[in-house]
Amino acid sequence: MLDQPVRPSARAARRSGVGESGVGLAASPFRVDRDRIAASPYFARLAGVTQVVSPTGNGLLLHNRLTHSLQVAQVARAIAERLTADAVTGAVLDRLGGCDPDVVEAAAIAHDLGHPPFGHLGEQVLDRLGRERLGLPDGFEGNAQSFRVITTIDLHGPGGAGLDLTAAVRAAVLKYPWARRGHPDPHPSTAPVPPRGAGPLPGAPDAGSAKFSCYLTELDDLVDSRAAVAVGPWQQTVEAAVMDTADDVAYAIHDLEDFHRVGVLAQPGVATELGGWLRDRGGLAAADPSALGSLRPGADLERLRRRLHTKDGWAFDDEAFASAVALVREELVDGLLAVPFDGSMAAERAVAEFSARWTARLVAGVRVQPDPPVRAAPVTLATAQWHEVAVLKFVHHRFVLQRADLASHQRGQATVLTGLVGALADWLTGDDEVRIPPRLHDLVALAHDEYRGLSAEGRLGPEPDVDALARGRAVVDYVASLTDGQAGALLDVLTGRSARLWADAVAL
């Protein structure tokens, strides 16, 4: 960590140095960034990008990436204002690089700009296709794509590319401040205990880090923005840590709201699992892993307890975990889920009160760690709240994400993305390249310039196929910029399933 705080002018420095065009609506450069991100079409498209289940056409009122981002921004700003209001904590934050509420809010609004259609499922599919079908060494990652949007692809700043954001906001967007491989050196994936997210990609141990925030094409931007903040090489900035914590808080709460509303999160199953663990805590803890059958009440929760103990021993505490299970049982199982959601005003009030109560509790548990362990950050949840978020996320994962009907739905979405990537890649290598969609053409040209420059600097290895890399990155950029609905409509167009030429051609 740097010995001296970074000058405010360095944090406020913009990417290109190009002056503002027109009269800004905000005096603070960080507020200008926030407004610029909120006005981006990449932000607007998040209204059509799923959080977990795509609601298109079924009448369900579920969170999407836009409403999620707004909630993260609300929580993140509340955390920042709470921490900076305390004189002692504020002084610590200044020594750690600063915690400006406008920077935190801007980063929260921007953090999901790069998420592709169909949520995390789309992210996994695009990464696999990027590496295996398109030959991109760093594949796809939603956080890295968000950083690429704000620094390169979006054109709504006064410069020639990107949003021309300040160094502080760009650094705050970097939830995982490293590339998939190579940077920084030593790479965090090589550590005996790697930072959260830096471990290997499941099923592809040679692919590099599972999570990262920067492709090779934006590496200079990462280095530039990180040079303007006082932080260690693998560590989030304070403002990135606040954004990340707020993301955890929002995710832990609002997905439970959604699936209670639609009747998917059934009370009996959750009650059986949490109650079973509480009743048989000692027996489950002593059981051999082979004896933890999936039908034994509490077995899945016990597996979570063991994973947390192994991976996050710096924070894990058995009694805090048990207290968290008991509290979630009381508040969620015996509280919110005890009465099925029927759309009445009383049911809406129960959801609103649950959300407000838990948000306030989790925000009140945010702490500053001046010298955090490698798997933590300078701002994190206190012990009790850390365990409570883990249990809330477990409920969502176990009783929603593992449902067979959701799996079949997601297999269909994976088929859409696979077909779309294949059709666009084939189009770019065919004889009809001259008539490709204008935006895809522009993305190919942009990526070609980037990879040609990297090749000239010797940063792509021996004899790189610049044309193939440019086509692959452009296809990924193009598909990742679509909404759920646009992805399906575009595949219909490209496979001849749509007969409405001029109506559906706008999908291109």
Side-chain angles (χ1 to χ4, degrees), residues 47 50-68 70-71 74-75 118-121 248-280 294-302 304 322-362 385 387-410 412-413 484:
T50 187
Q51 179 71 11
V52 176
V53 175
S54 180
T56 305
N58 59 17
L60 301 179
L61 294 176
L62 303 176
H63 282 87
N64 52 52
R65 286 284 166 184
L66 180 65
T67 57
H68 167 72
L70 292 172
Q71 288 185 329
Q74 178 188 33
V75 174
F118 311 130
H120 290 297
L121 178 278
D248 268 354
V249 169
Y251 177 80
I253 297 171
H254 64 52
D255 283 342
L256 296 180
E257 294 177 26
D258 279 350
F259 293 103
H260 169 57
R261 287 175 182 275
V262 300
V264 169
L265 191 60
Q267 195 252 16
V270 185
T272 298
E273 182 67 19
L274 271 60
W277 187 87
L278 287 168
R279 287 190 300 271
D280 191 22
S294 59
L295 298 180
R296 183 175 179 179
D300 290 328
L301 193 54
E302 173 60 21
L304 170 69
S323 296
V325 175
L327 182 62
V328 172
R329 168 67 191 259
E330 176 185 351
E331 289 272 330
L332 181 65
V333 177
D334 299 335
L336 182 65
L337 302 184
V339 179
F341 184 86
D342 61 4
S344 66
M345 294 179 69
E348 289 286 5
R349 183 165 56 250
V351 172
E353 290 175 351
F354 175 86
S355 177
R357 186 166 61 250
W358 271 92
T359 300
R361 173 175 176 77
L362 297 178
Q385 285 85 350
H387 289 80
E388 290 157 13
V389 165
V391 175
L392 289 171
K393 285 184 172 182
F394 163 81
V395 172
H396 170 238
H397 186 270
R398 170 63 180 82
F399 296 98
V400 177
L401 297 186
Q402 291 186 2
R403 289 175 61 101
D405 50 1
L406 178 59
S408 61
H409 181 69
Q410 290 181 325
Q413 294 174 332
D484 294 8

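Predicted model only: the values in this text are computed from it and were never measured.
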Would you confirm whether Thr67, through its side chain, and Asn64, through its main-chain N or O, come within 3.5 Å as a donor-acceptor pair? yes

Any salt bridge linking Glu302 with Arg296? Criterion: basic side-chain nitrogen under 4.0 Å from a carboxylate oxygen. no

For His120, check ring-ring contact (aromatic ring centres under 6.0 Å, His included) against everything at least two apart and list the hits. His115

Sequence neighbours excluded, every pair satisfying side-chain hydrogen bond (donor to acceptor under 3.5 Å, both in side chains) that has a member inside residues 345-354: Arg261-Glu348

N/O donor-acceptor pair under 3.5 Å between Glu273 side chain and Gly298 backbone: yes

I need the Ile253 CD1 to Asp248 CG distance, nearest 0.5 Å. 10.5 Å

Heavy-atom nearest pair, Ala338 first then Asp334, reads CB-O, 3.6 Å

If you round to the nearest 0.5 Å, how far is OG1 of Thr50 from CD of Gln410? 8.5 Å

Interatomic spacing from OH in Tyr251 to NE2 in His68 - rounded to 0.5 Å: 9.0 Å

Restricting to non-hydrogen atoms, name the atom on Ala252 and the atom on Val389 that form the minimum distance, rounded to 0.1 Å. CB-CG1, 4.2 Å

With under 30° as parallel and over 60° as perpendicular, where do the rings of His254 and His63 fit, or are they tilted in between? parallel

Could you tell me which non-hydrogen atom of Leu327 sits nearest to which non-hydrogen atom of Arg361, and how far apart they are? CD2-NE, 3.6 Å

Could you go through Val395 and Leu265, starting from their C-alpha distance and side-chain angles, then the distance that decides it, and tell me whether this counts as side chain to side chain contact (heavy atoms under 4.5 Å, CB included)? CA-CA 9 Å; Val395 172; Leu265 191 60; 4.0 Å; yes

Measuring from atom NE2 of His260 to atom CG of Leu332, what distance do you get when rounded to the nearest 0.5 angstrom? 8.5 Å

Checking Leu256 against Trp358 for the side chain to side chain contact (heavy atoms under 4.5 Å, CB included) test, could you report, in this order, the C-alpha distance in whole Å, the side-chain angles of both residues, the deciding distance, and whether it holds? CA-CA 12 Å; Leu256 296 180; Trp358 271 92; over 6 Å; no

Nearest atoms (heavy-atom pairs only) where Leu66 meets Ala47: CB-N, 3.5 Å

Distance-minimising heavy-atom pair for Arg329 and Gly275: NH1-CA, 3.1 Å

Ala356: side chain to side chain contact (heavy atoms under 4.5 Å, CB included) partners, not counting sequence neighbours: none

Distance col, row Gln267:CD vs Thr272:OG1, nearest 0.5 angstrom, shows 8.5 Å

Inter-residue atom distance Phe341.CZ - Leu336.CG, 0.5 Å rounding: 9.5 Å

Report the C-alpha separation of Val400 and Asp255 in whole Å, then their side-chain angles, then the decisive distance to 0.1 Å, and conclude whether the side chain to side chain contact (heavy atoms under 4.5 Å, CB included) test is met. CA-CA 9 Å; Val400 177; Asp255 283 342; over 6 Å; no

